[in-house]
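What follows is a set of notes on a single structure, which appears directly below.
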Amino acid sequence: MLRAISLGLVLFGIWLLISGIYTPLLISLGAVSCLAVVGIAHRMDVVDHEGHPIHLGWRALTYWMWLTVEIVKANIDVARRILDPKLPIDPAVVTVKASQDSELGHVIFANSITLTPGTVSMRVAENTILVHAIATDMAEDVQSGAMDRRVTAMEGTVQTHLKDAS
Amino acid sequence: MQILLDTLSWLLLIGGSAFAVIGAVGLIRFPDVYSRMHAAGMTDTLGAGLILAGLMVQGGFTLVTVKLALILVFLLYTSPTSTYALANAAYSRGLQPLLGKRDTGAPPPSAPETEPS
Amino acid sequence: MFFAAILAILVTMSLALTRALLGPTVYDRVLAVNSFGTKTVLLIALLGFLTDRPDFLDIGLVYALINFIGTIAVLKLLKYGNLGTAVRELERNP
């Protein structure tokens, strides 16, 4: 229930930001459509920790900052490879361990791998992710598990926090 | 102050454009689908990010900046999802990735039907 | 200065279109068209700034979402050959 209310508030906030016209009629139309969307989402049973992961909170923000730095570094590396006339690529397919507890954690990890240029996740199985890398050293980078640990830290503490709350 | 902001916005736009064009060149130069995904991912992350950041600097503290930020967030959340769907579809259909000289002994891409639901 | 960025985006788009025409596999084409769509969003945003009409950003926002859903739909059709059934059920009894 708390999640549904917070989803409604977030949706209404986005409505206010995108619309930019604040007359009583438009604001009430927005409120009605937000209520309808929350109702539909509730009926679809997607208002849970996966559909609306507010519990990640500030930890998600610090993770995003770290990920941005990684993305910039990887972008420069891939750009160098593209511009090199010899095209120094060395593609490899490797299996990476995903030590997260929840499916949401797996999704965050796999998407982070894909978002970093140079590595693309190809299949997410139980606890492993198949990764295609443009170069062997990039594959080794992912296999070293720095990103895996960070994603686990982000959602692992959340798990205990949730248990405390319930 | 205005000149400073304009210069910053210029730099961001030029950087984003450069990354976008380099990524497109990679899209042409790379040998197979899987490696081309890396090039496309490059234009989608830093190319789009820097260009939208440059526009945000122009927009200042207005609703325009909020909309640009929303576009950026949508792109950053959807682009890895569609890239994963593409890689997964190609791989499940048995399309073999080209491998480099130093094969790391990864599982061969045959037998893709063991996918757990 | 927006004009320079628009020019760069147009070059990017034509290169992506070249890849879509060259192929060789259907996945190359989907990848190129998806990239083309992302660049369209950027082009719309830049055009909005060039002509000083910030309403263009709303179109860009919607285009980003439609582009994503379109790509996912094409890939689902390619992978399962069926758009009318949920993936959950298709994986249970293919």
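Residue numbering restarts at 1 for every chain, and letters A, B, ... go by the order of the sequence lines. Keep in mind it's a predicted model, so treat the numbers as computed, not measured.
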Problem - Among the listed options B:Ile14, B:Leu63, B:Leu68, the residue most often paired with chain C at heavy-atom distances under 4.5 Å - result: B:Leu68
Practice task
Quick one: list whatever passes side-chain hydrogen bond (donor to acceptor under 3.5 Å, both in side chains) with B:Ser35, sequence neighbours left out.
Solution key: B:Asp32
Exercise for the section: Please examine the side chains of C:Thr12 and B:Leu27, heavy atoms only from C-beta on, and report whether any two atoms are closer than 4.5 Å. Expected result: no
Problem - Heavy-atom side-chain contact between B:Val64 and C:Phe49 under 4.5 Å - result: yes
Problem - Non-hydrogen atoms of B:Ser82 and C:Leu75 that approach each other most closely - result: O-CD1, 3.9 Å
Problem - Separation between CZ of C:Phe68 and CG of B:Leu75, rounded to the nearest 0.5 Å - result: 11.0 Å
Handout entry: Beyond-backbone contact of B:Ile51 with C:Ile9, side-chain heavy atoms, under 4.5 angstrom
Key = yes
Handout entry: Distance, nearest 0.5 Å, that separates OG of B:Ser92 from OH of C:Tyr80
Key = 7.0 Å
Exercise for the section: Could you tell me whether the side chain of C:Tyr27 reaches within less than 4.5 Å of the side chain of B:Arg36, counting heavy atoms only? Expected result: no
Exercise for the section: Can you measure from OG1 (B:Thr81) to CD1 (C:Ile72) and round to the nearest 0.5 angstrom? Expected result: 6.5 Å
Practice task
Flag the pair C:Asn34 / B:Leu86 as yes when at least one side-chain heavy-atom distance between them is below 4.5 Å, and no otherwise.
Solution key: no
Problem - Contacts of B:Phe19 that satisfy ring-ring contact (aromatic ring centres under 6.0 Å, His included) - sequence neighbours left out - result: none
Problem - Between OG1 on residue C:Thr18 and CD1 on residue B:Ile28, distance to nearest 0.5 Å - result: 5.0 Å
Problem - Evaluation steps, side-chain contact (heavy atoms from CB on, under 4.5 Å), between B:Ser79 and C:Thr38 - result: CA-CA 9 Å; B:Ser79 104; C:Thr38 318; over 6 Å; no
Exercise for the section: With sequence neighbours left out, write down each residue that passes side-chain hydrogen bond (donor to acceptor under 3.5 Å, both in side chains) with C:Thr25, or none if nothing qualifies. Expected result: C:Asp28
Practice task
Count the heavy atoms belonging to other residues, nucleotides or ligands that lie under 6.0 Å from CD1 of B:Ile3, then report whether that count exceeds 12.
Solution key: no
Completion exercise
For residues 39-47 of chain C against chain B, heavy atoms under 4.5 Å, the residues are C:Lys39, C:Val41, C:Leu42, C:Ala45, C:Leu46
Fill in the blank from the handout: Separation between CG (C:Leu61) and CZ (B:Phe74), nearest 0.5 Å, reads 5.0 Å
